[in-house]
Amino acid sequence: MSDPWDGPAGQATRSRTDRVPGQRTAGPDEPLPTGGRSAARVASRRRPGRGTRRGRPVRRGRRLLRIAGLCLAVLVLGTAGAGWWFYQHLNGNINSVPIDGKGGEEKADAFGRTPINILVMGSDGRTSKADCKLGGGCSHTGVQSGNGNADVQMVVHIAADRSNATVMSIPRDTMTRVPACKDSETGQSTSGYYGQINSALQYGPACQVATIHELTGIPIDHFVKLDFSGVVKMSDAVGGVSVCVDANVYDTYSHLKLSKGTHTLKGVAALEFVRSRHGFGDGSDLGRTVSQHIFLSAMIRKFKSAGTLTDPTAVYGLADAATKALTVDDGLGSVNKLIGLAADLNKVPTKRMTFTTMQTAPDPADSDRVVVGAGAKTLFATIAEDQSLTTGSGGKSAAASATAKATAATVPASQVAVTVENGTTITGRASAVAGALTDAGFDSATTTANAPSPATTTTLTYGTGQKGAARTAAKALGLPSSHLRQGSGTGVTLVIGSDWPSGTTYPGGTSSSAPADTGAAVSNAHAQTADEATTCAEVSRFRTVELNGVPMTPTQAYAAAGGKPDSDD
């Protein structure tokens, strides 16, 4: 083996007689020492590797090591600098605003773990040229200011133990009370009003959070807001989202046009899909929430799929797109906090992520609007109380199954209407108890009346085949089974006697409506889990769109618009 700086066997390439500069040697007339220390020193100078050119390669090797070390240090510092720049770049992308505790506060469980509740909002604001181009409607107004309306509202609940999650959509057409609010950024304020729930965003994200909290009773810790361009960026960053439609569809309003089957949607096509309200279901916002759940489920599966979160390029693109696309509360206003949130969500298996839509009923004052329906308050309570809607295996829990058979033991509260009669001399007793029942998810057809005569004992009378319904009501009210009576009429009638002068739980009884309530939580809530990859969005069978002024179904519109390319072309 040879060294580039040495000859064979490590011998110097120069003669040993070559003089090394600066080395003292004996001259021709100078006798060499013959012994003692001087002789030893001279002898040592003549040993191989001493007093020869062999000393220079060692110094050159050390110089190369120093150069290599310097290059490595520059590389490390450069990499660290790039990482720091990237981190600062992402933090700089994030726009955050405070919510000032308007969403309430979560309570920790027995182990000190706290659930996470996030309000996810999709704004219809045209606050940039990009949003105007994507959303339209700016031809007369131009680029708008402010927050717009929250056309998408989803409460995302992550359980305290991170074992399950629930996503509940609240339709934009819901009528409710908006509390007094003031936008900390624009200064726009309101003293409060009764109106459409999505309008609260006009007074700032904190106002939308407060409105949802007051409606549902669910503590809202955080919010995330996206605009039109945000949806485009996010769908592009993950490489597209795979969705399925059960028929040809052309929504002439959102411009979504797809043939029957599965499609991978990116960019504008993804936005058209999540915006489409005339293309799916009954053509209202209720149908749109279901298709949005299908889209989000597919996106979550894409996040969790092999390679998406391990590919540095994909992660960079996703992180850059997400931080540019989102407005969040101060509690999520850094890359580290968003990464922590993503990690918490990633712990939940897709089979234990349940998507639901708040139950609604037609607004008596406006057929184009809705109000909170039967079962909704039970769904709210299920989320607020950190109860799972799935079992450990991912199936619907026995208590939460919307299709549970109505047995003699119990039936879902949402299927039970009770006539509550006041048999006391205390005004308002029937209304108080009836209100407690509807709040617990009982049928909105529950009514009140005065009993035909005063009653000393409270009784719950049921007609033929109504024993299960009566037991559900008794369990919710804490009424002992000894107070149940079978009658000859129909339905379930509760007569409040003088033995129950106050409160909404029978004295000495214990209200235990969790099984029935949890079942009502997903009844008529379009519940599905995120692992349901084969679920297709149901195209509307109604004439919900128009083409050239002619009303038609989205499928008919697809056939009539043969010259228009599909959204995924």
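Everything quoted here is computed from the prediction, not taken from an experiment.
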### Query
Any side-chain donor-acceptor pair under 3.5 Å between Gln196 and Arg369?
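Judged by distance alone, the side chains do pair up.
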### Task
Output yes when a side-chain donor or acceptor of Gln387 lies under 3.5 Å from a complementary backbone atom of Thr382, and no otherwise.
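Judged by distance alone, no pair lies under 3.5 Å.
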### Task
Taking Asn91 for its side chain and Val335 for its backbone only, find out whether a donor-acceptor pair lies under 3.5 Å.
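Yes; at least one donor-acceptor contact below 3.5 Å.
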### Message
Go through it in stages, so that I can follow the logic: the residues are Thr114 and Glu106, the test is side-chain hydrogen bond (donor to acceptor under 3.5 Å, both in side chains), and I'd like the CA-CA distance, side-chain angles, deciding distance and then a yes or no.
### Response
CA-CA 7 Å; Thr114 306; Glu106 274 289 2; over 6 Å; no
### Query
Could Asp246 and Arg541 be called an ion pair, given the rule that one side-chain N must be under 4.0 Å from one carboxylate O?
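Between Arg541 and Asp246 there is a salt bridge, with a charged N closer than 4.0 Å to a carboxylate O.
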### Query
Counting distance only, does the side-chain N/O of Asp282 pair as donor-acceptor with the main-chain N or O of Ser284 below 3.5 Å?
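Side chain of Asp282 to backbone of Ser284, a donor-acceptor pair under 3.5 Å: yes, one is there.
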#### Entry: Side chain proximity check, Leu286 to Thr360, heavy atoms < 4.5 angstrom
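A side-chain contact exists here, since the closest heavy-atom pair is under 4.5 Å.
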### Short side-chain donor-acceptor distance under 3.5 Å, Asn149 and Ser199
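On atom types as modelled, these side chains do not qualify, holding no pair under 3.5 Å.
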#### Entry: Closest non-hydrogen atom pair, Arg352 against Thr390
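Looking at all heavy atoms of both residues, the shortest contact is NH2-O, 2.9 Å.
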#### Entry: Asp151 versus Asn198, side-chain donor and acceptor atoms under 3.5 Å
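Yes.
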### Message
Would you say that Thr216 contacts Ile170 through its side chain, given a criterion of any heavy-atom pair below 4.5 Å between the two side chains?
### Response
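They are in contact (side-chain heavy atoms under 4.5 Å apart), so the answer is yes.
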Tell me which donor-acceptor pairs under 3.5 Å the side chains of residues 263-270 have, and how far apart each pair is, sequence neighbours excluded?
residue, atom, partner, partner atom, Å
His263, ND1, Asp568, OD2, 2.6
His263, NE2, Ser259, O, 2.6

### Message
Given 3.5 Å as the limit, does a donor-acceptor pair link the side chain of Arg277 with the main chain of Gly287, or not?
### Response
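Absent.
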### Query
Atom CG of Leu215 and atom OG1 of Thr174: how far apart are they, to the nearest 0.5 Å?
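Taking CG in Leu215 and OG1 in Thr174, the distance rounds to 7.5 Å.
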### Query
Are a donor atom and an acceptor atom from the side chains of Arg543 and Thr553 found within less than 3.5 Å of each other?
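The criterion, which ignores hydrogens and geometry beyond distance, is not satisfied for Thr553 and Arg543.
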#### Entry: Contact check, side chains of Leu332 and Phe223, non-hydrogen atoms, under 4.5 Å
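No; the side chains remain at least 4.5 Å from each other.
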### Message
Strictly distance-based, threshold 3.5 Å: is any side-chain N or O of Thr252 a donor or acceptor partner for the main-chain N or O of Glu546?
### Response
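Yes.
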### Query
At what distance, to the nearest 0.5 angstrom, does OG of Ser414 lie from CG of Leu379?
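Interatomic distance, Ser414 OG to Leu379 CG, rounded to 0.5 Å: 11.5 Å.
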### Task
Can you measure from NZ (Lys347) to CG (Asn164) and round to the nearest 0.5 angstrom?
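The CG atom of Asn164 is 13.5 Å from NZ of Lys347, to the nearest 0.5 Å.
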### Message
Using every non-hydrogen atom in the two residues, find where His213 and Ile220 come nearest and quote the distance to one decimal.
### Response
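Heavy atoms of His213 and Ile220 come nearest at CB-CG1, 4.4 Å.
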#### Entry: For the student: nearest non-hydrogen atoms of Gly283 and Ser540, plus distance
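Distance-wise, the nearest heavy atoms are N-OG, 4.2 Å.
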### Query
Do Glu532 and Thr529 have side-chain N/O donor and acceptor atoms under 3.5 Å apart?
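Side-chain D/A pair, Glu532 to Thr529: present.
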### Message
Counting C-beta onward and ignoring hydrogens, is there a side-chain heavy-atom pair between Thr211 and Pro179 closer than 4.5 Å?
### Response
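In short, these two side chains touch, coming nearer than 4.5 Å.
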### Query
Does Lys302 use its side chain to pair, donor to acceptor, with the backbone of Gly240 at less than 3.5 Å?
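The answer is yes, because a donor-acceptor pair under 3.5 Å joins these two groups.
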### Query
How far does CE of Met121 sit from CE of Met154, to the nearest 0.5 angstrom?
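Between Met121 CE and Met154 CE, I get 12.5 Å after rounding to 0.5 Å.
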### Donor-acceptor under 3.5 Å (Thr544 side chain, His278 main chain)
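Confirmed, Thr544 side chain pairs with His278 backbone.
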### Task
For Ser242 and Thr262, work out which heavy atoms get closest and say how close.
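Looks like OG-CG2, 3.3 Å.
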### Query
Any side-chain heavy atom of Phe280 within less than 4.5 Å of one from Leu256?
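Phe280 reaches Leu256 side chain to side chain.
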### Message
Quick check: closest heavy atoms across Ala298 and Val241, and the distance to 0.1 Å?
### Response
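The pair with the smallest heavy-atom distance is CB-CG1, 3.5 Å.
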### Task
Measure the shortest side-chain to side-chain distance between Val156 and Asn117 over non-hydrogen atoms and say whether it is less than 4.5 angstrom.
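Side chain of Val156 against side chain of Asn117, heavy atoms only: no contact under 4.5 Å found.
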### Task
Give a yes-or-no answer on whether the side chains of Ser254 and Asp251 include a donor-acceptor pair shorter than 3.5 Å.
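Indeed, the side chains of Ser254 and Asp251 share at least one donor-acceptor pair under 3.5 Å.
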#### Entry: side chain to side chain contact (heavy atoms under 4.5 Å, CB included) partner of Val249, chosen from Ser567, Ser276, Pro554
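Output: one option passes, namely Pro554.
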### Side-chain donor/acceptor of Arg162 to backbone N/O of Ala160, under 3.5 Å
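Side chain of Arg162 to backbone of Ala160, a donor-acceptor pair under 3.5 Å: yes, one is there.
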### Task
Say whether, by atom type as modelled, one donor and one acceptor occur between the side chain of Asp173 and the main chain of Val370 under 3.5 angstrom.
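Such a contact is absent between Asp173 side chain and Val370 backbone.
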#### Entry: Carboxylate-amine/guanidinium contact Arg288 Asp285, below 4.0 Å
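Asp285 and Arg288: salt-bridged.
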### Task
Start with the C-alpha gap between Ile116 and His222, add the side-chain angles, then the distance that decides, and say whether side chain to side chain contact (heavy atoms under 4.5 Å, CB included) holds.
CA-CA 8 Å; Ile116 301 173; His222 305 289; 4.2 Å; yes
### For Tyr250, ring-ring contact (aromatic ring centres under 6.0 Å, His included) partners two or more places apart
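With sequence neighbours excluded, Tyr250 shows a ring-ring contact (aromatic ring centres under 6.0 Å, His included) to no residue whatsoever.
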### Task
Would you check if His157 and Ile218 make a side-chain contact, meaning some heavy-atom pair closer than 4.5 Å?
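His157 vs Ile218: side chains apart.
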### Task
Tell me yes or no: between the side chains of Thr289 and Ser169, is some donor less than 3.5 Å from an acceptor?
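There is no such pair between these side chains.
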### Query
Should Met552 and Val545 be marked as a side chain to side chain contact (heavy atoms under 4.5 Å, CB included) after you check the CA-CA gap, both sets of side-chain angles, and the distance that decides it?
CA-CA 6 Å; Met552 58 183 68; Val545 300; 4.1 Å; yes
### Task
Any chance you could lay out the side chain to side chain contact (heavy atoms under 4.5 Å, CB included) test for Met358 and Val372, step after step, and finish with the verdict?
CA-CA 8 Å; Met358 181 193 84; Val372 171; 4.2 Å; yes
### Query
Roughly how far, to the nearest 0.5 Å, is CG of Asp344 from CD1 of Ile339?
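Going from CD1 on Ile339 over to CG on Asp344, the span is 12.5 Å.
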### Query
Under 4.5 Å between any side-chain heavy atoms of Met168 and Phe380, yes or no?
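Yes, at least one pair of side-chain atoms sits under 4.5 Å.
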### Query
Phe355: what forms a ring-ring contact (aromatic ring centres under 6.0 Å, His included) with it, not counting sequence neighbours?
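Partners of Phe355 by the ring-ring contact (aromatic ring centres under 6.0 Å, His included) criterion, ordered by chain and then number, come out as His293.
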### Message
I need the Ile197 CD1 to Thr176 OG1 distance, nearest 0.5 Å.
### Response
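Reported value, rounded in 0.5 Å steps: 5.5 Å.
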### Task
Determine, stepwise, if the pair Gln188 / Gln202 fulfils side-chain hydrogen bond (donor to acceptor under 3.5 Å, both in side chains).
CA-CA 8 Å; Gln188 189 171 358; Gln202 296 177 12; 4.7 Å; no
### Query
Where the side chain of Lys304 meets the backbone of Asn346, is there a donor-acceptor pair that is under 3.5 Å apart?
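A pair under 3.5 Å: yes.
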### Query
Taking all atoms of both residues into account, what is the closest heavy-atom pair of Gln528 and Ile294, and its distance?
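Of all heavy-atom pairs spanning Gln528 and Ile294, the closest is NE2-CG1, 3.8 Å.
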### Task
Tell me whether the guanidinium CZ or amine NZ of Lys257 lies under 6.0 angstrom from the six-membered ring centre of Tyr558 and within 45° of its axis.
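Lys257 over Tyr558 ring: yes.
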### Message
For a quick check under 3.5 Å, do Asp161 and Ser163 share a side-chain donor-acceptor pair by atom type?
### Response
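Judged by distance alone, the side chains do pair up.
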### Task
Begin with the C-alpha distance, continue with both residues' side-chain angles, and end with the deciding distance and a verdict on side chain to side chain contact (heavy atoms under 4.5 Å, CB included) for Ile212 and Gln208.
CA-CA 6 Å; Ile212 299 294; Gln208 194 69 50; 4.2 Å; yes
### Message
My understanding is that only one of Thr166, Ile118, Thr356, Leu119 makes a side chain to side chain contact (heavy atoms under 4.5 Å, CB included) with Val155; could you say which?
### Response
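Passing option: Leu119.
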